[in-house]
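In what follows, a structure is listed as structure tokens, so that the remarks can point back to it.
So that the names make sense, note that chain A is the first sequence line, chain B the second, and so on, each numbered from 1.
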Amino acid sequence: MGLFWKRTKKQESEQPANEQAVEQTSTEQALEASASVELESQHPQPEQKAGFFKRLFGKTEAQEQEAEPIVRAPEQEKKSFWERWGRSEENAATPASEPEVATTSVARADAEKMSLFKRWKASLNRTSENLMSRLDDVIHGKKVIDAEVLDHLEEALIGADIGVQTAMEIIENARKKVDRSEVSNFDELKRLVKDNLLDILNDTSGKGISSEVDVSLDIQPYVMMIVGVNGVGKTTTIGKLANRIKAEGNEVLICAADTFRAAASDQLAIWAERTGVPLIQQKKGTDPAAVVFDSLAAAKARKADVLIIDTAGRLHNKANLMAELEKMKRIAGREVQSAPHEVLLVVDAVTGQNGLEQARQFLKAVPVTGIVLTKLDGTAKGGIVVAIAKELRIPIRYVGIGERMDDLVEFSPEDYVNSLFD
Amino acid sequence: MFDSLSDKLKKVLKNLRGGQDKLTPEHIDIAMKEIRMALLEADVNFKVVKQFVDTVKEKAVGQEVLEALSPEQQVVKIVRDELVEILGGSSSRLVFLPRNPNVVMIVGLQGSGKTTTTGKLAKFLSKNQGRHPLLVSVDVYRPAARNQLSVIAREIGEPVFEAAELNDPLEICRSAFKHAQQTGYDTLLIDTAGRLHIDDQLMEELQAIKAEMNPVETLFIADAMTGQDAVKSASEFHNRIGVTGVILTKMDGDARGGAALSVKMVTGQPIKFVGVGEKYDALEQFYPDRVAQRILGMGDVLTLIEKVQQEVDEEEAMALQQKMMEDKFTLEDYRAQLKQMEKLGSVDKLLKMLPEGMMRSLMGFVPKISDEQAGMMQRKLKQTEAIINSMTFKERNNHHIIDASRRRRIAKGSGTTIRDVNDLLEEYIQMRRVMREMMRGGLLGGFGGKLLSSVMGRKSNRPNFTKKKKKKR
């Protein structure tokens, strides 16, 4: 149930009464600390820190009243707050109806999750459309597994961008088992290949951060860095990620460290506005490491839970740009202990064999802890992540399945592999 | 990285010459397996590979082994020639009609580089084809997409049509077209929204734009890093919209670009340009032979030579040569050389352009240069420059006066150690000696080796490039 990525704040649960005071000072500090920073705080709504799920399950009446004064913020904020949390307003007004509302919300959340899952399945199924159908044609009317079947299976795997090397190894393994008559029918053959792929995808334990459950909750700010080559969907992923993490009840801050690409921070600003997350940005052409520095200061001052750093797309064979990335990492580590805590490499599903080299090179510059596989709603299968998992043992964290804000789901090796075959 | 295809083929075909003078089917079969692997590793679609291998097989069987070539070279030649033939047939010029404005539509998947390429293309057209382009973005979906094109247009100094109040792509096109017509822009570049080829609604939108705008060119932007899916997206775009040309982007990466072959095979449309960098003039003509070599992992010598030709000032090179002949090569000249070297780009980039075979013949071995090593070389070049910069004019022109005290000062000034300064001076003196000998011997052969070894070490004696490039080709 990794969806519940809750990073509830300590002082919040322990001394709810103090919350507002703490909050105010931190906001003041933030303003002070980042006097030179152009702070784009669209919705500095302290009240949202209470957390969505906490609101649903954990709130007592007293706490609800406790939250009342916070709502008396400036007019504009108040409005957006009520807009956003219209449901909670009902709660505050008529606490009696709370359980009912909560249930519907849970039901809605469940439905949402279901539909997400379905959508993911749907997108993956599109992916597998002719991966197996071709194979089925070959199998049709055959009784034994022959070289032709294995060749086609190999082609199917290569066609999914899994890579020549990996595909050949898997098929070689299958061939041996067929020769020794350990595998006799097609279902067993499928099972074998599936297991092989699953083993690879699951065998990333001990490396990186493979799921939200592994996220350490007592690091603050928890610094995430998003890296990748040009055009893979880093900025969009950050928008979705910010939305996701915020929805779990965390205060999120985004750092626009892509100071190179035209209008990159404008794009991010729109995402920040949509998700209601403040953005730290500077002029185009600024040293990205300087923006990182500022955003870390702001994150500390505001006591933000999570800081997400957007970086410019860079080709992994450009030494200067990789050095720039390394510098950002260094600055982060200097300002916040052991930051960045998570580095996500974004890989486009259409990427071919070069994806492996990308991962290798990025890994040299920054400690990549996971992969985000984007654009899986197309026909590309993104099989290169299998090769990446196999050679570099980097786990796949998220999958991008569309252009909507909630089109980012946790990666499930089983679903992924199954959808390639069924 | 990859073993070169010729090396692999050499291994499998090494026995071929034993008395035979024709390529036999058996040998071809073995060779084709390797070729298949090479193509698949380069991301050529597996169906395309199959088709390609069959064609090549037919051509190769029964061919006589040419005297001049070893069997593996011959197979590579057949493969290469076939690749070039398929990839070729292109002209990088866009052909315009006598009407105003000519519309050029840019289409492709998300993140393939449409907007950047639109900017590059505008710059190219106004610089090389004397056009007056007007840019317009109809990407009303992605946040800040239109803004991105506006920023780019400002940077390249070309006009952009902004209609922030309009939100309908077709409407924007119409207004832009009218505006171009009234104002006298002869070329309208339409940057469309990135989309998945299975997104019906957006594909219909493209069809509508195409139908109404009647573009002279519809260019499909393909990312060089694309894998097997290139076939599907390209054919879908081609079938629905009708593509008239392809631009291959991100070729400055290290992907081998097999997608080029896939896209070419399914659309049959010429690849017109390649994008080779983040700067707006990084749009180059497409040369089928170079991409063919790259797909086969054979390096890109031609690009290197051309780069040298472009960047190295001939007069300067001649003057340098003169100085070397007269044994007057000073530290000042040395620095000038380093500067020219820098213009060519980073060391690793240069080295990567050389195929392995060439390195072997030049240096006697294939240097395995990791990116780290290349980075180190780069730093060393920088350091050398810094040291020379810290010398006085007098010192640069007469290294004999550089005594211990001066060395101390130079080290301090350049942020290096006395040892670094000593090393540099020693290398410089040695370099002069080598030059003297070379000049006396009157031979410039083996020069390339000197060039490379100088790159590998600290020295950088790169005289007489003008002669070299004539020799090479």
How far does [atom1] of [X] sit from [atom2] of [Y], to the nearest 0.5 angstrom?
X	Y	atom1	atom2	value
B/Asp223	A/Asp348	CG	CG	7.0 Å
A/Asn354	B/Thr226	CG	OG1	10.0 Å
A/Leu356	B/Glu41	CG	CD	11.0 Å
B/Gln148	A/Gln267	CD	CD	7.0 Å
A/Ile384	B/Asp43	CD1	CG	7.5 Å
B/Asp199	A/Asp377	CG	CG	9.0 Å

A side-chain contact here means heavy atoms from C-beta on lying under 4.5 Å apart; do [X] and [Y] qualify?
X	Y	result
B/Gln228	A/Glu155	no
A/Gln353	B/Arg256	no
A/Leu315	B/Asp252	yes

Nearest heavy atoms of [X] and [Y], plus distance in Å:
X	Y	answer
A/Arg274	B/Pro143	NH2-CG, 3.7 Å
B/Leu40	A/Val164	CB-CG2, 3.5 Å
A/Lys318	B/Gly277	NZ-CA, 4.2 Å
A/Ala262	B/Ile152	CB-CG1, 3.7 Å

Would you check, one step at a time, whether the test side chain to side chain contact (heavy atoms under 4.5 Å, CB included) holds for B/Glu278 with A/Asn230?
CA-CA 10 Å; B/Glu278 294 184 335; A/Asn230 315 62; 3.1 Å; yes

Show, in sequence, the C-alpha distance, side-chain angles and deciding distance for B/Asp254 and A/Asn317, and conclude whether the side-chain hydrogen bond (donor to acceptor under 3.5 Å, both in side chains) test is met.
CA-CA 7 Å; B/Asp254 56 7; A/Asn317 60 342; 4.9 Å; no

Counting N and O atoms only, with roles assigned by atom type, does the side chain of A/Lys375 sit under 3.5 Å from a partner on the main chain of B/Gln110, one being a donor and the other an acceptor?
yes

Contact winner vs chain B - A/Gly313, A/Gly163, A/Gly352, A/Gly233, heavy-atom pairs under 4.5 Å:
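The residue among A/Gly313, A/Gly163, A/Gly352, A/Gly233 with the greatest pair count is A/Gly352.
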
Which answer fits [X], side chain, backbone, both or neither, if we ask what part of it has an atom under 4.5 Å from a heavy atom of chain B?
X	value
A/Met168	side chain
A/Leu321	side chain
A/Val350	both

What part of B/Arg142 gets within 4.5 angstrom of chain A, counting heavy atoms only: side chain, backbone, both, or neither?
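Interface part for B/Arg142: side chain.
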
If we define contacts as heavy-atom pairs under 4.5 Å, which of B/Asn147, B/Val151, B/Thr249, B/Leu149 has the most with chain A?
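Ranked by heavy-atom pairs under 4.5 Å with chain A, first place is B/Asn147.
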
Heavy atoms from other residues, nucleotides or ligands near CD of A/Gln165 exceed 12 (cutoff 6.0 Å):
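Counting other residues, nucleotides and ligands, CD of A/Gln165 stays at 12 neighbours or fewer.
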
Charged N to carboxylate O under 4.0 angstrom, B/Arg36 versus A/Glu154?
yes

Hey, is A/Lys284 close enough to B/Glu155 for a salt bridge, meaning N to O under 4.0 Å?
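Salt bridge present between A/Lys284 and B/Glu155.
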
